[in-house]
Amino acid sequence: MNSKVRVRFAPSPTGALHIGGVRTALYNYLFARQNGGSMILRIEDTDSGRFVPGAEDYINEALAWLGINIDEGVREGGDYGPYKQSERREIYRENVDKLIANGNAYIAFDTPEELETKRAEIANFQYDASTRGMMRNSLTLSADEVKTLIDNGTKYVVRFKIEPNRDIIVNDLLRGAVTINSSILDDKVLYKSADDLPTYHLANIVDDHLMLVSHVIRGEEWLPSAPLHILLYEAFGWADSMPQFVHLPLLLKPDGKGKLSKRDGDRLGFPVFPLEWHDPKSGEISSGYREAGYLPEAVINFLALLGWNPGNDQEIMSMTELIDKFSFEHCSKSGAKFDFEKGKWFNHKYLQEISDEGLAALFMPILEEKGIKNFDTIYIAKAVGMVKGRISFIKELWEQAGFFFEAPTTFSEKDVKKRWKEDTPTKMEELIGILEGINDFSSAASEEIVLAWITKNEYHMGNVMNAFRLTVVGECKGPHMFDITELIGKEETIKRIRKGIETIKTI
RNA sequence: GGUGAUUUAGUGUAGUGGCCUAGCACGCCACCCUCUCACGGUGGAGACCUGGGUUCGAUUCCCAGAUUCACUACCA
């Protein structure tokens, strides 16, 4: 048993990192940090056919953005490299040979086409103890025949020889003892001579062993093959140092059934990837949480709570707190449906923690894009400070605070209908007169004067104030009216009222 | 089909035999605040998969079934 906690996140570079994969990485990371252990990032590129250029960089960038720091990996280096499986061919070859030598594996020459035919012919065909005797392999062929075939360059695979009818117990830290009978397992392909690469199962076990991995924390989809992995540890004689297993529940579609997939994001309009992804093959672009305006802290917090809880009602937690509180005891065993609305709420919460100045800095690029200049940071920060409570994303700042930077050019039809009466223009002219007479244009001072004017004339407060708001904002929404006018100033306020009187027509 | 896992409101979850007239959060609704829209505050609707059993007492324990999901490739 390895005493030091060493965990690994082992994605395949076959595309963008899925949000479910991110959560697996996160749980690995939290567990590692909590125990002073190491986090390994291993690239599992043993399927040359599915390799996608750029995917590895994407994985690195995504984890870095989220603050999931890697201790050992392709970029970081480490004492147990290489950390990319395609660079470990020698290691796998040696180990496969060991298994053949000790009788736990054999060479099979059946082609994929032949296997397909078999599956079509025989219902529920499985390459196992019951059928291996009728296939073309080193168990049925003579040693000479096998040698000749290999020498002639015939492609072959190495299969794991599984003894039938044995109950294998997987001790899962989350699910307890799970018993699976070896008869349902097939003689898994461990290695393919066609590309001189192992399959997942072999590479995974060899690497976890050699990299001294103490805990294998992965998705539930691996639970059915866990007994195979245990058998492999035994076959190698590594049973004593076998890691602990944890099979995490899956992230499910928000509606309907099944695992959360890329399509769900497209369909329901939310990202399923941490970063925007440009598929090099199809040219397709998939949205990412970063580009959609999410803060990494919010994504982490949201993801952490999808399948885990601290055991009490606390929801907002920093990475540090998560590391402190994380435990498998409080992980749920069933899949969690992805709730995008809740994700938005987390982002809202985290946005409120940022100072007005910080928010202003994030808002700046959007203003620039709109061609807005001539406003200093203090002005922007004040404007942002007034509306921050109502946004969940930085990009919403424009629709909430745009009027601070640009006079309205259109006016909400619905609000005009409700608040712009026939005598409104007259009242607005009057209001201009009142405003012009105000020297201290601060919020409190001007409010007192304007309200006194309304009261004295017994005007309808709601109608006058909303008409006023309509000319300044363009619709009946936004912060306290006089906070707005204080910021945009007397001159601009009056200008907007005049414009409103000219433009707005009673409906 | 087979094997395994799973099962508290629409969603994420708390709950480890009586404190549960089942708590919290998101979402939804109402009210309050208010010049408006939000925020915030208060309140409301809304759940223990089903059937047996054990027990004085089951959401909690046992059994059976159902449900949902995963796996069942020379993919991971």
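First the proteins, then the strands, lettered A, B, ... as listed; each starts at 1. Quick note: numbers below take in every heavy atom, side chains included, and nothing from hydrogens, waters or symmetry partners.
- In this structure A:S332 satisfies the side-chain contact (heavy atoms from CB on, under 4.5 Å) test together with A:P249, sequence neighbours excluded.
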Please list each protein N or O that sits under 3.5 Å from an N or O in nucleotides 58-67 of chain B, with the distance.
none

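- Of all the heavy atoms in A:I180 and A:P227, the pair that sits closest is CD1-CG, 3.8 Å.
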task = Produce a footprint string for nucleotides 22-32 of chain B: one letter per nucleotide, 5' end first; B if the base is under 4.0 Å from any protein heavy atom, S if only the sugar-phosphate is, - if neither.
result = -BSBB------
Within the sub-3.5 Å range, which N or O atoms of nucleotides 42-44 of chain B have a protein N or O partner, and how far apart are they?
none

inquiry  = What does the B/S/- profile of nucleotides 70-76 of chain B look like, 5' to 3', with a 4.0 Å heavy-atom cutoff to protein?
reply    = SS--BBB
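- As judged by a 4.0 angstrom heavy-atom cut-off over every strand, A:R175 is placed among residues touching the sugar-phosphate backbone only.
- Nucleotides B:A14 and B:G40, compared at atom C1', are 26 Å apart to the nearest Å.
- Across B:C74 and B:C69, the matching C1' atoms stand 27 Å from one another, rounded to whole Å.
- Side-chain contact check for A:D264 and A:S261: at least one donor-acceptor pair (N or O, by modelled atom type) lies under 3.5 Å.
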ask   = So A:V473 and A:R496, side-chain contact (heavy atoms from CB on, under 4.5 Å) or not? Walk me through it.
value = CA-CA 9 Å; A:V473 178; A:R496 289 190 186 187; over 6 Å; no
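- At a threshold of 4.0 Å, the pair A:R132-A:D187 counts as salt-bridged, since one of the basic side-chain nitrogens sits closer than that to a carboxylate oxygen.
- Side-chain N/O atoms of A:N181 and A:S183 include a donor and acceptor closer than 3.5 Å.
- A sub-4.0 Å separation between OP1 or OP2 of B:G15 and a side-chain N or O of A:H330 is present.
- Ranked by how close their nearest RNA chain B nucleotide is to the 5' end, A:L305 and A:R419 are led by A:L305.
- The separation of B:C20 from B:A9, taken at their C1' atoms, amounts to 15 Å, rounded to a whole angstrom.
- One interatomic measurement links the two molecules: CZ of A:F270 to P of B:G12, which rounds to 13 Å at whole-angstrom precision.
- Between the side chains of A:Q314 and A:K325, at least one donor N or O sits under 3.5 Å from an acceptor N or O.
- At least one side-chain nitrogen or oxygen of A:N309 sits closer than 4.0 Å to the OP1 or OP2 atom of B:A14.
- Of all non-hydrogen atoms in A:G293 and A:F393, the two that sit nearest each other are O-CD2, 3.7 Å.
- Judged by distance alone, with hydrogens and angles left aside, the side-chain atoms of A:N347 form no donor-acceptor pair with the main-chain N or O of A:A298 at under 3.5 Å.
- A donor-acceptor pair shorter than 3.5 Å can be found between the side chains of A:D196 and A:Y191.
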query = Using Watson-Crick and G-U wobble pairs with both distances under 3.5 Å, what is the 5'-to-3' dot-bracket string of RNA chain B, with [ ] for crossing pairs and | for pairs outside the strand?
reply = (((((.(..((((....[....)))).(((((.......)))))....(((((..]....)))))).)))))....
